[in-house]
Amino acid sequence: MLRTPTPLEVDLLLEAVRRLSGCDFSAHSRAMLLERIEAFCGDSDVTTMPQLIDRILVDDGERHALIVALTRAPGPLFRDVPFFEAVRDRVIPLLRTYPSIRVWNPGCGNGADAVTLAALLAEANLLARCRIYATDLNQRSVDAAGRGVFDDVFRLEAQGLLARYPGYFVRQGRRIRARPELRRNILFAVHSLSTDADFNDFHFILCRNTLPAYAPPVQARAFRLFHRSLVSLGFLALGRGETLGRHPHRHVYEPLDEDARIYRRLS
């Protein structure tokens, strides 16, 4: 069990990660970082922050594993079935009106949300004219997400989701892989909500359960990025515990589906 670190020890760890990998977590919520660091160390023999710092300085694999733990992995495919049903029923019919569709999934983690959305778009015969930009903090994480391999195959089978999308996924033992034709229109790339600028105009921004990892000023900055990036009448999806409360332009959005936390920009 990790002994509670001092603020200086946390600063030293984050600086070591930044210098060695280029991943800057200084804008993240300290409470959430500590929670994830403690969880990361929970099953190891690391009991102090200096031990953890020493380990990531000499072990590239351990450093990458820590970065993945701090970055957050969204979880399995179709991890929130009611949300994706709302996307299928409320958002995709309206996206159909565009000749080409651009989607941004910041904080994509292991790529589960991006791949799930791609399956819905493929089912609606829209994937061919859609480009999904799935972004996260570091290159190794987005490279791993791009391979399209996920766990929780038994839940997907029990819910009938694999049978529903037989042409898009293939089972590999206890894991499932998204076929190349499903991943073809997903571009995985590095982007930081705390430091990088907006880079395109999007019809749909899907950012669920990512913003709580950041301190309030960065959350406000992210909302400004979303506003600049979202076309008029475009859609913004947040996590179930998130709201537009910190959005500086919240008055120009209306709920499309309040339960699913899907909003539409009015102007």
Side-chain angles (χ1 to χ4, degrees), residues 1-44 46 48-50 52-53 55-56 62-75 79-80 83 104-113 134-142 145 190-198 205-229 236-250 261 263:
M1 182 176 180
L2 184 69
R3 175 180 58 80
T4 302
T6 67
L8 177 59
E9 287 175 335
V10 177
D11 288 341
L12 291 174
L13 175 69
L14 298 183
E15 180 62 15
V17 169
R18 187 189 67 79
R19 286 179 178 271
L20 292 170
S21 69
C23 295
D24 187 357
F25 290 97
S26 60
H28 281 58
S29 161
R30 283 304 175 96
M32 188 163 291
L33 285 176
L34 285 173
E35 179 181 315
R36 292 177 179 175
I37 291 169
E38 290 172 356
F40 177 77
C41 296
D43 296 327
S44 73
V46 173
T48 69
M49 187 65 81
L52 179 58
I53 294 172
R55 187 163 295 186
I56 67 149
E62 192 80 356
R63 182 169 62 252
H64 173 63
L66 175 63
I67 290 170
V68 171
L70 297 181
T71 301
R72 180 199 64 93
R79 63 189 172 121
D80 185 347
F83 166 77
W104 183 19
N105 176 210
C108 69
N110 66 352
D113 281 358
T135 62
D136 218 316
L137 281 176
N138 71 96
Q139 189 64 53
R140 291 182 69 174
S141 291
V142 298
V190 174
H191 182 277
S192 170
L193 292 174
S194 63
T195 58
D196 293 334
D198 50 303
I205 296 177
L206 177 70
C207 185
R208 306 183 69 236
N209 307 313
T210 294
L211 295 180
Y214 291 95
V218 180
Q219 294 182 30
R221 183 185 192 277
F223 277 129
R224 288 193 292 271
L225 283 180
F226 299 163
H227 186 72
R228 289 199 298 267
S229 303
L236 173 64
L238 303 175
R240 289 195 176 274
E242 300 169 298
T243 72
L244 290 174
R246 295 188 183 278
H247 200 313
H249 302 285
R250 55 188 176 274
R261 295 291 193 272
Y263 304 90

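Because only heavy atoms are used, hydrogens play no part in the values below, and waters and symmetry mates are left out as well, while side chains stay in.
The shortest non-hydrogen separation linking Val142 to Val190 is CG2-CG2, 4.1 Å. Nearest approach of His191 to Thr135, heavy atoms of both residues: CB-CB, 3.6 Å. When all heavy atoms of Pro50 and Arg3 are compared, the closest pair comes out as CD-NH2, 4.4 Å. The shortest non-hydrogen separation linking Gly107 to Thr210 is O-OG1, 3.5 Å. Nearest heavy-atom pair across Leu193 and Pro106 is CD2-CB, 4.1 Å. Taking each heavy atom of Ser229 and Leu225 in turn, the nearest pair found is OG-O, 2.7 Å.
Counting heavy atoms from C-beta on, the side chains of Glu9 and Thr48 never come closer than 4.5 Å. The shortest side-chain heavy-atom distance between Phe40 and Val46 does not fall under the 4.5 Å cut-off. Phe223 has its side chain out of reach of Arg250: every pair of non-hydrogen atoms, C-beta onward, lies at least 4.5 Å apart. Contact check for Ser21 versus Asn138: no side-chain heavy atoms found under the 4.5 Å cut-off. Leu52 places a side-chain heavy atom less than 4.5 Å from the side chain of Cys41. In this structure, Ile53 and Met49 have side chains that are in contact, with non-hydrogen atoms separated by less than 4.5 Å. Considering only heavy atoms from C-beta on, Leu137 stays 4.5 Å or farther from Leu70 through its side chain. Side chains of Asp113 and Phe83 form no contact here, defined as non-hydrogen atoms less than 4.5 Å apart.
To the nearest 0.5 Å, the span separating SG on Cys108 from CG on Leu206 amounts to 10.5 Å. The line from OG of Ser29 to CG of Leu211 is 12.0 Å long, rounded to the nearest 0.5 Å. Within the model, atoms CD of Glu62 and CZ of Arg55 stand 5.5 Å from one another, a figure rounded to the nearest 0.5 Å. Taken to the nearest 0.5 Å, the CZ atom of Arg240 stands 9.5 Å off from the CG atom of Asn209. Rounding to the nearest 0.5 Å places NE2 of His64 at 11.0 Å from CD of Gln139. The structure places OG of Ser26 at 3.5 Å from CG of Asp24, a figure rounded to the nearest 0.5 Å.
Counting only distance, with no hydrogens or angles, the side chain of Asp136 and the backbone of Gly109 share a donor-acceptor pair below 3.5 Å. The backbone N or O of Pro212 sits nowhere less than 3.5 Å from a side-chain atom of Gln219 that would complete a donor-acceptor pair.
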_CA sep, side-chain torsions, deciding dist, call: Leu13, Leu33, side chain to side chain contact (heavy atoms under 4.5 Å, CB included)_ = CA-CA 11 Å; Leu13 175 69; Leu33 285 176; over 6 Å; no
_Asp198 and Arg224: CA distance, side-chain angles, deciding distance, salt bridge (charged side-chain N to carboxylate O under 4.0 Å, His left out) verdict_ = CA-CA 9 Å; Asp198 50 303; Arg224 288 193 292 271; over 6 Å; no
*Show your working on salt bridge (charged side-chain N to carboxylate O under 4.0 Å, His left out) between Arg30 and Asp11 and close with a plain yes or no.*
CA-CA 10 Å; Arg30 283 304 175 96; Asp11 288 341; 2.5 Å; yes
*Hey, mind stepping through Ile56 and Ile67 against side chain to side chain contact (heavy atoms under 4.5 Å, CB included) and telling me if it holds?*
CA-CA 10 Å; Ile56 67 149; Ile67 290 170; over 6 Å; no
_Walk me through whether Asp80 and Arg208 qualify under side chain to side chain contact (heavy atoms under 4.5 Å, CB included)._
CA-CA 11 Å; Asp80 185 347; Arg208 306 183 69 236; 2.8 Å; yes
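Listed by chain and residue number, Phe25, Tyr214 satisfy the ring-ring contact (aromatic ring centres under 6.0 Å, His included) test with His28 (two or more places apart in sequence, or in another chain).
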